[in-house]
Amino acid sequence: MKVAGQHYRTIWRGQDGSVEVLDQTRLPHEFSGIRLKTLADAVTAIRTMQVRGAPLIGATAAYGLALALRENPNYATLAQAYDALLATRPTAINLKWALDRMRDVLRREPMETRADTAFATAAAICDEDVATCRAIGEHGLKIVQELAAKKTGGARLNVLTHCNAGWLACVDYGTALSPIYLAHDAGIPLHVWVDETRPRNQGASLTAWELGQHGVPHTVIADNTGGHLMQHGMVDLCIVGTDRTTANGDVCNKIGTYLKALAAHDNNVPFYVALPFSTIDWALKDGVKDIPIEERSPVEVTHMTGMGADGKVATVQITAPGSAAVNYAFDVTPARLVTGLITERGVCPASTEGLLTLYPEKLGFVA
Ligand code: MRU
């Protein structure tokens with residue numbers, strides 16, 4: 001996608017052989033990159049959320065393995081790097097998917113060529129993610145077109161999204177935002193309600209920023225506003241991303257997604273989830289019981305970061321000293337609340353049967 005007219009991906013190989021990523025902890029106030037030179041740099045980038053979003057975590061982990069093997073291409077390094085990267089964040093299954101794919105390829109590779117093959121495989125994962133997200137956009141575009149056709153008098157379609165499932169969360173295009181970009185580029189009049197997404201504000205800081213860079217009309221709302229908007233007919237469609245989707249179609253996404261799905265269900269607003277195949281965990285069949293939910297520092301709840309009138313970025317405490325806080329980063333939306341899953345292979349019901357119509361080769365893998 002473009003930033004100030006220039007095309008960017010979120011991750012790319014630097015000229016000195018290092019890996020470059022955009023530092024998402026500095027957006028929207030500063031657009032800057034970081035150079036990852038070692039495994040430790042990649043681990044830190046994922047853990048501190050300089051890179052975040054399920055597909056991008058996977059891509060960064062793949063490059064993290066390659067950086068480790070550049071230092072020492074033996075089997076012990078491969079195993080240690082795999083474990084270190086897998087431990088960075090627990091919920092998004094794309095992390096494990098990417099690491100497993102890398103390890104499967106690299107285990108069979110002779111030591112002399114292992115590092116080069118690791119970088120080539122990581123690059124392939126990134127290129128495939130771009131094609132996958134583009135395909136998600138094309139399938140989602142049909143849904144947007146159908147709903148837009150029902151609007152009268154050229155009224156714009158109002159889409160609500162949660163967290164950031166745009167190109168910043170992937171390598172390019174995004175998942176939930178990919179159909180929105182393609183629809184906007186096709187001239188469909190639309191407007192996006194952007195949930196701020198407390199506590200880390202990925203909606204306010206990242207989604208609003210990237211929609212703005214692409215010229216998509218949008219409005220940031222407090223997280224609790226969606227239900228009110230839906231009751232008043234001000235939302236035509238919800239599209240969100242997911243960090244892990246179970247084989248029965250339960251969807252785990254940023255905390256607060258479940259509440260939006262409940263409100264959408266109560267108000268007959270279509271609630272779609274956009275995802276690449278790498279987000280499906282075929283081994284699980286009950287999202288609420290089985291998906292590990294990341295718990296992050298309470299400081300993300302008790303404090304907020306923003307830019308002051310003096311142009312300086314500062315962090316302030318918003319709670320009374322001594323108040324306890326808890327920070328669950330994700331929740332699970334049961335399949336029954338999901339209108340459909342938008343994948344790179346098409347749109348299907350959120351169910352095992354639905355998923356298997358698109359991925360018949362997974363029949364034997366379903367729990
Ligand atoms: O904690 P984050 O910012 O990594 O969470 C990201 C999300 O919840 C996204 O919605 C999800 O990864 C889908 S992204 C394509």
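Whatever order the structure lists ligands and atoms in, that order sets their numbers, starting from 1.
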Step-by-step side chain to side chain donor-acceptor pair (under 3.5 Å) determination, Q231 to D266: CA-CA 9 Å; Q231 283 176 324; D266 198 42; 5.6 Å; no

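With side-chain heavy atoms closer than 4.5 Å counting as contact, directly or through intermediates, the hydrophobic cluster containing M307 also holds V313.
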What are the distances between nitrogen or oxygen atoms of ligand 1 and protein nitrogen or oxygen atoms, counting only those under 3.5 Å?
unit_1   : atom_1 : unit_2 : atom_2 : d
ligand 1 : 1 (O)  : R89    : NH2    : 2.8
ligand 1 : 1 (O)  : K254   : NZ     : 2.7
ligand 1 : 3 (O)  : R52    : NE     : 2.9
ligand 1 : 3 (O)  : R52    : NH2    : 3.1
ligand 1 : 3 (O)  : Q202   : NE2    : 2.9
ligand 1 : 4 (O)  : G53    : N      : 2.9
ligand 1 : 4 (O)  : R89    : NH1    : 2.9
ligand 1 : 8 (O)  : D243   : OD1    : 2.9
ligand 1 : 8 (O)  : N253   : OD1    : 3.1
ligand 1 : 8 (O)  : K254   : N      : 3.4
ligand 1 : 10 (O) : N253   : OD1    : 2.7
ligand 1 : 12 (O) : A54    : N      : 2.9
ligand 1 : 12 (O) : D243   : OD1    : 3.2
ligand 1 : 12 (O) : D243   : OD2    : 3.0

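Nearest heavy-atom pair across I293 and C252 is CD1-SG, 3.8 Å.
By the side-chain contact (heavy atoms from CB on, under 4.5 Å) test, A320 pairs with S323, sequence neighbours left out.
For W167 and Y181, the ring centers are positioned 6.0 Å apart or more.
Residue pairs satisfying the salt bridge (Lys or Arg N to Asp or Glu O under 4.0 Å) criterion with at least one member in residues 26-37, sequence neighbours excluded, are listed as follows: E20-R35, D23-R26, R26-E30.
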